[in-house]
Amino acid sequence: MSGRPPEPGRRSAALAGSTATVTTRAVRVPVGADDVAVSTAAGLAVRTVDRAKARGAPPPCPACGSVHPPPPAVPGPPPGADVWRIGLDGAADALGPVASLLDIRERERAARIRDRLSADRYVLTHGAVRTILGGYLRIAGCTVHWSAGRHGKPEFDGPLSHWQWSLSRSAEHALLAVCLSAPVGVDIERVDERTPAVALAARFLPLDEAASVAAQKTPHAARVAYHRLLSRKEACVKASGGRLLDGLRLNVLTPGTVHGTGAMAGHRWQLRDLSAPPGFVATLAVLDDEVRGVRLFDWGGRATGPEPANFRPPAPSSAADQASCSLTFEFQRSLAEPWPRGECSR
């Protein structure tokens, strides 16, 4: 980082009032409260926020005195793994409310990010995580506290230690996975068109994975294949609290059960690919345990009105099917189109 003074307006605008000394631009926070629309699909409540219909100010948080956005409608503890998609662009009006949820360490870290867009995305990500986790725990998001393991894996202490969660952020998208049965890891990453996929795969990946990348018909397909393999490995090591360097030799050529090797010998993961927005790949991994279903949600912190259809699970045909089905992400499909079961159907 250069030693030059920060330029005006470079820090996240949502951090006005932070204890860190930064130059910020003003943000006008809507006076009205969020109007929360709740729709039901397959018995699950999907909550989005419509700030165009605000009706009076919500009461201040009894824990800190700030006014926070309401928590999402969480339909009870996850029976398997819950995955939340968090959109980070087009949500400038959510910055003020969610920034008040961040603790001093998060505010200071956001203030050190020189690029304002990256800082705003960081603030939105952590604010969304706090609203979601607070909804599960039935506490104010500003009172959610966690520690980090040796390699950064977040974890709760004390009576909340059975709650497992994982966060991944790439460009304008973030994913949060929450699980009660076992440690969980989630990863989303952008497919970089500058990646020398074949050369990197030959250098770092097992022989069969490198051969699979090299066998792709186009350079773009090779990049997608390479980044998908990396995403699978990243999800596994995040579930275990390890380092990607230790997971590069994991054989993740196909999803399903993955057994650890080398530094991660003795570990076992259940691995699922998740369909992702164009230009991205995503993966979910659960350590040691069979995933008993995946529920998918959209954090509706944007001011575009209720749009529950853009992230919704298909209706299970029975209670048994609901417990065992594997679900995929779908960001673009409309209500009129059927919901497929794609690469997560293993």
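Only heavy atoms go into these numbers, but all of them, side chains included; no hydrogens, no water, no symmetry mates. Remember, it's a predicted structure, so these values are computed and weren't measured experimentally.
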Mind checking whether Thr261 and Asn251 have side chains closer than 4.5 Å, heavy atoms only? no

All heavy atoms of Ser181 vs all of Cys179, minimum pair found to be OG-SG, 3.3 Å

Which value, rounded to the nearest 0.5 Å, describes the distance between Leu175 atom CG and Ile188 atom CD1? 4.5 Å

Only pairs under 3.5 Å count here: list side-chain donor-acceptor contacts from residues 195-207, not counting sequence neighbours, and write none if there are none.
from, atom 1, to, atom 2, distance (Å)
Thr195, OG1, Asp192, O, 3.1
Thr195, OG1, His227, NE2, 3.1

Sorted by chain and residue number, the salt bridge (charged side-chain N to carboxylate O under 4.0 Å, His left out) partners of Arg121 (sequence neighbours excluded) come out as Asp89

Do Gln270 and Arg268 come within less than 4.5 Å of each other through their side chains, counting heavy atoms only? yes

Check: Leu176 and Trp299 side chains under 4.5 Å, non-hydrogen atoms: no

Neighbour count >12 (heavy atoms, 6.0 Å) for atom CZ, Arg190: no

What pairs with Asp103 under side chain to side chain contact (heavy atoms under 4.5 Å, CB included), at least two apart in sequence or on another chain? Arg105, Glu106, Arg130

What salt bridge (Lys or Arg N to Asp or Glu O under 4.0 Å) pairs are there with at least one residue in residues 210-221, not counting sequence neighbours? none

Identify, with sequence neighbours excluded, every residue that meets side-chain hydrogen bond (donor to acceptor under 3.5 Å, both in side chains) alongside Ser166. none

Answer with yes or no whether the hydrophobic clustering places Leu102 together with Val129; edges join I, L, V, M, F, W, Y residues whose side-chain heavy atoms lie under 4.5 Å apart. yes

Sidechain-backbone polar pair: Lys238 side chain, Leu167 backbone, donor-acceptor under 3.5 Å: yes

Donor-acceptor pair, side chain of Ser240 and main chain of Val237, under 3.5 angstrom: no

Can you sort out the partners of Ser147 under side chain to side chain contact (heavy atoms under 4.5 Å, CB included), two or more places apart, ordered by chain and number? Glu155, Asp157

Check each of Val294, Leu180, Val184 against Pro78 using the side chain to side chain contact (heavy atoms under 4.5 Å, CB included) test, and report the only one that passes. Leu180

Going hydrophobic residue to hydrophobic residue with side-chain gaps under 4.5 angstrom, can you get from Tyr226 over to Leu271? yes

State, with a plain yes or no, whether a side-chain heavy atom of Leu133 is found less than 4.5 Å away from one of Trp163. no

Salt bridge (charged side-chain N to carboxylate O under 4.0 Å, His left out) filter on Glu234, not counting sequence neighbours, yields none

Quick check for you: to the nearest 0.5 Å, what is the distance between Leu230 atom CG and Leu244 atom CG? 6.5 Å

Consider only side-chain heavy atoms of I, L, V, M, F, W and Y, link residues closer than 4.5 Å, and tell whether Val252 and Val224 are in one cluster. no

Are Asp187 and Ser231 close enough that a side-chain donor and a side-chain acceptor fall under 3.5 Å? yes

Are Leu88 and Val191 in one and the same hydrophobic cluster, where Ile, Leu, Val, Met, Phe, Trp and Tyr link if side-chain heavy atoms are under 4.5 Å apart? no

Between Pro77 and Arg295, what is the shortest heavy-atom contact and its length? O-NH2, 3.3 Å

Do Arg107 and His126 have side chains that approach each other closer than 4.5 Å (heavy atoms only, starting at C-beta)? no

Qualifying residues under side chain to side chain contact (heavy atoms under 4.5 Å, CB included), relative to Pro154, sequence neighbours excluded: Trp146, Trp165

Which residues satisfy the salt bridge (charged side-chain N to carboxylate O under 4.0 Å, His left out) test with Arg169, sequence neighbours excluded? none

Atom of Gly242, atom of His151 and distance for their closest heavy-atom approach: O-CB, 3.6 Å

Would you name the heavy atoms of Gly127 and Leu101 that are closest together and state the gap between them? O-CD1, 3.6 Å

Could you tell me if the side chain of Arg85 sits less than 4.5 Å from the side chain of Leu296, heavy atoms only? no

Using the test side-chain hydrogen bond (donor to acceptor under 3.5 Å, both in side chains), find all partners of Lys233 that sit at least two apart in sequence or belong to another chain. Glu209

Which pair of non-hydrogen atoms, one from Tyr136 and one from Trp84, has the smallest distance, and what is that distance? OH-NE1, 2.9 Å

Side chain proximity check, Leu95 to Leu124, heavy atoms < 4.5 angstrom: yes

Closest non-hydrogen contact found for Ser168 with Val186 is CB-O, 3.4 Å

Within residues 245-254 or reaching into it, pairs that qualify as salt bridge (Lys or Arg N to Asp or Glu O under 4.0 Å) - sequence neighbours excluded: Arg243-Asp246

Can you find a pair of side-chain heavy atoms, one from His220 and one from Glu193, that are under 4.5 Å apart? yes

Val258-Met264 co-clustered via ILVMFWY side chain contacts under 4.5 Å: yes

Just verifying a value: how many Å separate Leu250 CG and Leu229 CG, rounded to the nearest 0.5 Å? 11.5 Å

Show every ring-ring contact (aromatic ring centres under 6.0 Å, His included) that has at least one partner inside residues 239-290, sequence neighbours left out. His173-Phe280, His267-Trp269

